[in-house]
Every structure is written in structure tokens, then in C-alpha cells.
Amino acid sequence: MSSAVTHRTGGGLQFSEICGIIGIRKEKDGEKLTEGEFQDFLVTVGYRYNKKTMAAFHTFEGFQTILDFNTKEKKYIFLLSTGVKDSGTLLNELCRFKKDNKECTLAQYGDKRIKIKLRITVDSEIDKENLKEAIKFINELQKSELIFPICRVCSRNRKTGLYVVGQELVPMCDRCLARKQRQYERRRDMYEKKKQNMPAGLVGAGFGAALGAVLYILLYQFFNAMGITAALISLGGFAGFVAVGRRATRKSAVICMIGFGVVFLAAEYLSLVASMAVLIEGMGGGIAVSESISATNMSFFDQSYLSTVIMEIIVGMVSMAVVGVGYYIKRALTRPLKISKNVL
């Protein structure tokens, strides 16, 4: 066949002709569904898109279905807050749907909510068909007598609206909405009325860090924690800052962490000196601070000893950083979350 192809009159065959001869069919590659195309598709299936949460929603017979185009997980995620009348049959239906849809990675009921996840493929047409199947399945569940709509907050069968709480769409009844609004207003007032006192806060942070350093030095003499107990320095420091300075900011947190690092280095050195002093005293040399300092300084020339100290410092810095990250997360979670008007 190759000889016939290469010697054909006319200077050879085109690629498409060769493909036709040997039975190869070139197919057009599929393309991923973009967020813009996803929004256009939603209109055809009766869903509406919310820009703030980057999620879509649909309301039917009191049910509020939420559809998230989650590019991080590479999944389409359906969420439906609901109560259940027949849990066994519902679970069977969810298992059946997952089994019949190869792109479905999760179909479960838990925490008073149905959650279905579909894998985002490289073909937008396949994704659209998968989404249509999932939407059809959810609509059938809503029309059945297996489930009933509930408020996401109180889990009671009440009429709900759909509200943006922070960055999340939440179906809520009027009572829960009123309670959430009051909580938001109280937290907002408390947060806005607090004014930072930076000088006093730094004094408090210094006192708290010093107390943590003392504990670090004492604990160092009883067991080797490889610097992990340095977390006590940042814990005490942040607690002291908030107690006296009233309100912390990212700027004050960075300043404090730099200060905590200096305190930790001093605490590490004093711990080594104290440990050396205990060792000298145990050898019958008595308590001699100057000798302990000299011996500690000389020990730094020992490569093995220096490596151990450096490792302790690294671990200590990381443990303090973990406390700092934890404090930042706590601060973010305790900030009041604004509640939007009903988006329905």
C-alpha cells in the first residue's frame, strides 16, 4: 500500500486522502467548558448565576438547589439542603445515580444535605450532558416524596429565601435570618468600635512573649522538645497584645512576629547556657554562670552541636509561624459575615 501511495500520479496524496485509505478518521478535539459558557448554559436549564459566590441556584417547590463551578477541585458540585422521609430509598437512588454516571465522583446525603460532585472533563458537550442528567435527577427527587425542603441553619421545614452569607449561598427561613442579622450587627459594632492601641499592645505582647520565653527555658531543662515549645512565646505574645492593645491587625501581627523571633533566639541561647550550667554543676563545678556562657560559646565550634541548635531554631520558628497562621485564621473566622438581601 505504501508503494501505491508514493508512486501515484500527481505527486502524492493529501493527508486526508491517506487517512481515508487506511481507515483513520480525524476527530475534532473537545474543549473544556469555560465559566462564561457555563453561565450561558445555566439559562437553558433554568438556573441563575450569582457573581459574588460564583455559584448558580435554582428554586423549585421550596427547594433551593445550589450549583458550584469549582475550578480548584475540578468539579461541578450540587448542594441541596433537605430533610428525608425515606433515607434507605434515597441512599439507593444516590448510589444508582453514581453508578450510572461515570463522571460522578460523589453522591451522598449527610449533614442534612444532598451533595453531588461531577468531574469537569475536557469536553464541554459531555459536561453539559452530565449536568443535564444531574439536574433531571435532582428534579425527580424534589418531585418525589422522599425529601422535603428545610432551612440550612435550623434544619426545619420552613419557607426559605436564599442569602449570600460571606461568600456562600445559604437557604434560610425568616427566623434564622433575623437571628443572623442581629448577630452580624452585634459583631460588626464590636469590631468597628474597637480601636487599636499599638504602643500598649506591643508592651502587652512583650510581656506575654517574655512569659512564654521563661516557660520555654524551664521546659528545655526537663525534656528536649526540639524547639516546638517556642509556640508558647507567640501564644503568650498574641494574647498579651490583644488583652492590652484591644485589636490586632496584619501590620501589628507582622511586627509582633519579628519581635517574637528575637525573643525566641534569646530564649534559645539562655536555655543552652542554663543547660550547660546544670551540666557543670552536676560535675561538681558549682553554679558558675560565666563558665557556662564561655562553655556554650565554645560549643558552637562543634559542628554536631551547632547543627542541633540550628535545627531547634528552625523548628521553633516554624512552630511560632503555625501559631501566627492559626491566629490569622481565627481572626478571619470571627469577623462578622455580612448577609445580603434575598437573591431569589
Side-chain angles (χ1 to χ4, degrees), residues 15-16 19 24-82 90-144 146-147 149 152 160-172 337 340-344:
F15 177 75
S16 59
C19 289
I24 297 176
R25 182 168 56 90
K26 187 172 185 254
E27 297 181 352
K28 182 181 179 181
D29 293 333
E31 295 181 354
K32 286 186 178 181
L33 187 67
T34 65
E35 190 167 355
E37 292 172 336
F38 175 69
Q39 294 179 38
D40 294 338
F41 165 75
L42 294 172
V43 177
T44 66
V45 292
Y47 275 65
R48 293 162 59 190
Y49 188 75
N50 182 269
K51 291 183 179 180
K52 185 174 183 179
T53 60
M54 292 186 291
F57 60 90
H58 178 258
T59 182
F60 175 78
E61 298 291 336
F63 290 99
Q64 317 294 350
T65 308
I66 299 167
L67 170 57
D68 180 23
F69 183 32
N70 196 315
T71 53
K72 289 183 179 179
E73 287 190 35
K74 297 183 179 180
K75 300 286 194 307
Y76 301 104
I77 304 175
F78 287 89
L79 300 172
L80 177 63
S81 295
T82 177
L90 174 63
L91 292 176
N92 288 335
E93 289 295 317
L94 290 170
C95 288
R96 179 185 61 80
F97 176 80
K98 185 176 185 297
K99 183 178 179 181
D100 294 343
N101 295 268
K102 66 177 183 178
E103 301 303 338
C104 179
T105 61
L106 179 72
Q108 68 177 21
Y109 177 76
D111 190 26
K112 301 290 183 180
R113 184 164 65 177
I114 292 173
K115 180 182 287 188
I116 296 175
K117 292 185 178 182
L118 302 176
R119 189 182 292 109
I120 296 176
T121 71
V122 295
D123 193 321
S124 60
E125 294 304 316
I126 292 176
D127 284 5
K128 289 176 183 178
E129 289 303 316
N130 290 334
L131 288 169
K132 286 178 181 178
E133 287 297 319
I135 290 170
K136 180 182 177 182
F137 172 69
I138 290 173
N139 288 342
E140 289 174 352
L141 287 180
Q142 293 170 342
K143 293 175 183 178
S144 72
L146 295 177
I147 61 176
R152 180 64 189 152
T160 60
L162 196 59
Y163 304 89
V164 179
V165 182
Q167 297 292 324
E168 182 183 3
L169 282 169
V170 181
M172 277 193 293
L337 298 177
S340 73
K341 294 181 179 179
N342 192 348
V343 299
L344 297 179

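Residue numbers count from 1 along this sequence.
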* Which is it for T53 and Q167 under the side chain to side chain donor-acceptor pair (under 3.5 Å) test, yes or no, and what are the steps along the way? -> CA-CA 5 Å; T53 60; Q167 297 292 324; over 6 Å; no
Shortest non-hydrogen contact from [X] to [Y]?
{"X": "A134", "Y": "L118", "result": "CB-CD1, 3.8 Å"}
{"X": "F63", "Y": "Q142", "result": "CB-NE2, 3.4 Å"}
{"X": "L344", "Y": "R48", "result": "C-NH1, 3.6 Å"}
{"X": "P149", "Y": "G62", "result": "CB-O, 3.3 Å"}
{"X": "K75", "Y": "K117", "result": "CD-CB, 4.5 Å"}
{"X": "Y109", "Y": "T82", "result": "OH-O, 2.8 Å"}

* Asked: Salt-bridged, E37 to K32, with N to O below 4.0 Å?
  ->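 Salt bridge flag = no for K32 with E37.
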* Do side-chain atoms of S340 reach the backbone of V164 as a donor and acceptor pair under 3.5 angstrom? -> yes
* Asked: For the side chain of R113 and the backbone of R152, is there at least one donor-acceptor N/O pair under 3.5 Å apart?
  ->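 No, the answer is negative, given that no donor and acceptor are paired below the 3.5 Å cut-off.
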Distance-only criterion, 3.5 Å: show the donor-acceptor pairs between side-chain atoms of residues 93-100 and protein atoms not counting sequence neighbours.
unit_1 : atom_1 : unit_2 : atom_2 : d
E93    : OE1    : R96    : NE     : 3.3
E93    : OE1    : R96    : NH2    : 2.8

Between [atom1] on residue [X] and [atom2] on residue [Y], distance to nearest 0.5 Å:
{"X": "L169", "Y": "L162", "atom1": "CG", "atom2": "CG", "answer": "5.0 Å"}
{"X": "L131", "Y": "L42", "atom1": "CG", "atom2": "CG", "answer": "8.0 Å"}
{"X": "F69", "Y": "Y49", "atom1": "CZ", "atom2": "OH", "answer": "8.5 Å"}
{"X": "C104", "Y": "F78", "atom1": "SG", "atom2": "CZ", "answer": "10.0 Å"}
{"X": "F41", "Y": "F38", "atom1": "CZ", "atom2": "CZ", "answer": "8.0 Å"}
{"X": "E73", "Y": "L106", "atom1": "CD", "atom2": "CG", "answer": "9.5 Å"}

Min side-chain heavy-atom separation [X]-[Y] under 4.5 Å:
{"X": "I114", "Y": "L90", "result": "yes"}
{"X": "K143", "Y": "E140", "result": "no"}
{"X": "L79", "Y": "T65", "result": "no"}
{"X": "N130", "Y": "E103", "result": "yes"}
{"X": "L80", "Y": "I138", "result": "yes"}
{"X": "V343", "Y": "Y163", "result": "no"}
{"X": "R119", "Y": "D127", "result": "no"}
{"X": "I77", "Y": "K115", "result": "yes"}

* With sequence neighbours excluded, tell me which residues meet side-chain contact (heavy atoms from CB on, under 4.5 Å) with E133. => N101
* Asked: Partners of E129 by side-chain contact (heavy atoms from CB on, under 4.5 Å), sequence neighbours excluded?
  -> K132
* Verify whether the ring centers belonging to Y47 and F57 lie closer than 6.0 Å. =>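 Centroid distance Y47-F57: not below 6.0 Å, so no.
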